[in-house]
Number of protein chains: 2
Amino acid sequence: MENERPGAYEALKLQNQVCFPVYACAKEIVRQYGPFLKDLGLTYTQYLVMLVLWETETVCSRDLSKKLHLDYGTLTPVLKRLDGAGLLTRERDPGDERLLTIRLTEEGRRKKEQAARVPHAVAGCMGLTMEEFGQLYLLAYKALAHMEKRNEEHTGGKNNVNG
Amino acid sequence: MENERPGAYEALKLQNQVCFPVYACAKEIVRQYGPFLKDLGLTYTQYLVMLVLWETETVCSRDLSKKLHLDYGTLTPVLKRLDGAGLLTRERDPGDERLLTIRLTEEGRRKKEQAARVPHAVAGCMGLTMEEFGQLYLLAYKALAHMEKRNEEHTGGKNNVNG
DNA sequence: CACAAGCGAATTGTGCACAATCAATTCGGA
DNA sequence: TCCGAATTGATTGTGCACAATTCGCTTGTG
């Protein structure tokens with residue numbers, strides 16, 4: 001088994017994986033948000049939805065899905081709960097009945113104040129310098145953009161089959 | 001509402017969050033693994049467990065939990081499935097009946113060959129240079145280490161209540 | 001109008017992920 | 001020896017996360 005050429009399985013060692021620390025780091029970040037968001041009565045995913053709404057007031061479901069990289073199977077129940085909590089409303093677009101318009105309520109708007117100090121608090125948990133935050137931000141977005149593009153090519157690329 | 005001092009809510013904009021691209025990037029990475037791991041008959045979490053076993057042959061449940069940053073509520077069903085698939089065995093440590101010893105089977109060992117090319121393939125999906133991979137790796141581990149330390153301080157810190 | 005094609009969402013099923021809780025085991029004293 | 005505290009890990013309940021499927025709506029074509 002170990003008579004292979006040396007390093008044949010080096011890439012499989014956990015220490016040599018780039019993906020694992022990113023994956024573990026993301027989970028750890030969500031966990032750091034936990035206590036702060038509990039005060040707001042939100043989960044991390046619900047908080048992401050609220051971030052978008054605090055910025056735009058209204059958004060259609062399709063755009064929300066694209067912005068947050070979440071599909072409808074995830075968003076539908078999340079939006080139902082936030083609607084149930086009175087933080088947003090869901091209504092069909094009169095112009096196109098397929099589209100769902102999500103709108104921030106007054107109660108949802110009030111949460112914005114409480115939430116304002118959360119990002120800084122969580123950033124402090126991570127122990128990175130400003131410069132490191134900047135690097136991490138750019139690297140994550142660069143990888144994200146590349147993978148996003150790949151996905152589009154592979155699903156939209158069906159047309160390429162026929163030349 | 002917008003009469004606040006300018007920038008009071010800047011930190012709440014999705015674009016200004018560092019956490020979001022890391023979170024989205026991690027999910028996107030797991031998705032990129034999908035097709036490759038499907039050939040192996042593994043999910044991403046199951047693959048992580050196998051990575052550890054391919055390296056160490058045996059591991060106790062506590063160490064696995066710490067290495068992968070996963071608690072028993074997550075690991076127990078994952079290990080059950082991998083046991084059911086014949087890739088590992090679970091047995092109690094004779095010396096300490098609380099400990100669970102997880103052992104790679106011959107069938108599990110065979111999967112290692114198929115898996116050997118997966119890391120490189122996924123790395124290619126991310127579109128980063130070698131240098132960028134190195135940076136991302138270091139930044140993620142640095143943040144991870146800092147948050148890990150914080151967690152220990154806060155749970156072990158119960159004793160501080162009594163002075 | 002009729003109808004095929006394709007999109008937007010909802011539903012269903014599987015598998016994490018973790019908090020909270022509980023049970024069993026071990027260990028440290030008195 | 002026996003009791004109390006700490007550790008390990010299994011269970012339960014909630015909430016993502018996504019693939020696959022389904023259904024209603026819109027749009028393009030004749």
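Each chain gets a letter, A, B and so on, in the order its sequence line appears, and its residues count up from 1. All values below were derived from every heavy atom in this structure, side-chain atoms included, with hydrogens, water molecules and symmetry-related copies excluded.
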Check your understanding: Tell me the side chain to side chain donor-acceptor pair (under 3.5 Å) pairs involving residues 115-130 of chain A, sequence neighbours left out?
Key ->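 Found A:Thr129-A:Glu132.
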Output the rounded distance in Å from [atom1] ([X]) to [atom2] ([N]).
{"X": "B:Tyr72", "N": "D:dT7", "atom1": "OH", "atom2": "P", "value": "11 Å"}
{"X": "A:Leu79", "N": "C:dT11", "atom1": "CG", "atom2": "C1'", "value": "15 Å"}
{"X": "A:Leu99", "N": "D:dG24", "atom1": "CG", "atom2": "C1'", "value": "13 Å"}

Check your understanding: Tell me, for nucleotides 13-25 of chain C in 5' to 3' order, what letter each nucleotide earns: B for a base near a protein heavy atom under 4.0 Å, S for only sugar-phosphate near one, - for neither?
Key -> --SSBBBS----B
Sub-3.5 Å donor-acceptor pair from the side chain of [X] to the main-chain atoms of [Y], do we have one?
{"X": "B:Gln46", "Y": "B:Leu82", "value": "no"}
{"X": "B:Thr105", "Y": "B:Gly108", "value": "yes"}
{"X": "A:Thr101", "Y": "A:Arg92", "value": "no"}

Check your understanding: Does anything in residues 55-64 of chain B reach DNA chain C, meaning a heavy atom under 4.0 Å, and if so which residues?
Key ->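 The stretch gives none, as no residue of it lies under 4.0 Å from the strand.
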Point to revise | Minimum-distance nucleotide (side-chain atoms of B:Lys80 versus D:dT11, D:dA10, C:dA9) | key: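 Comparing D:dT11, D:dA10, C:dA9 against the side chain of B:Lys80, the answer is D:dT11.
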Review point. If only side-chain N and O atoms of B:Thr76 are considered, is one of them under 4.0 Å from the OP1 or OP2 phosphate oxygen of D:dA10?
Key: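 Yes, B:Thr76 has a side-chain N/O under 4.0 Å of OP1/OP2 on D:dA10.
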Check your understanding: Can you find a side chain N or O atom of A:Arg92 that sits less than 4.0 Å from OP1 or OP2 on D:dT26?
Key ->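 Checking D:dT26 against A:Arg92, no side-chain N or O comes under 4.0 Å of OP1 or OP2.
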Practice item. Give A:Arg90 one of three labels, base, sugar-phosphate or nothing, depending on what nucleic acid heavy atoms sit under 4.0 Å from its own. Key: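 Since no nucleic acid heavy atom lies under 4.0 Å of A:Arg90, the category is nothing.
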Exercise for review: Return the orientation label for the A:Tyr47 and A:Tyr33 ring planes: parallel under 30°, perpendicular over 60°, tilted otherwise.
Suggested key: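 The rings of A:Tyr47 and A:Tyr33 sit tilted, inter-plane angle from 30° to 60°.
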Practice item. Report the relative orientation of the aromatic rings in A:His69 and B:Phe20; use parallel for angles under 30°, tilted for 30 to 60°, perpendicular for over 60°. Key: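 If you compare the ring of A:His69 with that of B:Phe20, the planes turn out tilted.
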Check your understanding: Can B:Val52 be reached from B:Leu100 by stepping across I, L, V, M, F, W or Y side chains whose heavy atoms are under 4.5 Å apart?
Key ->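 Shared cluster, no.
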Practice item. Check whether the ring centres of A:Tyr137 and A:Tyr141 lie less than 6.0 Å apart, and answer yes or no. Key: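 For A:Tyr137 and A:Tyr141, the ring centres are under 6.0 Å apart.
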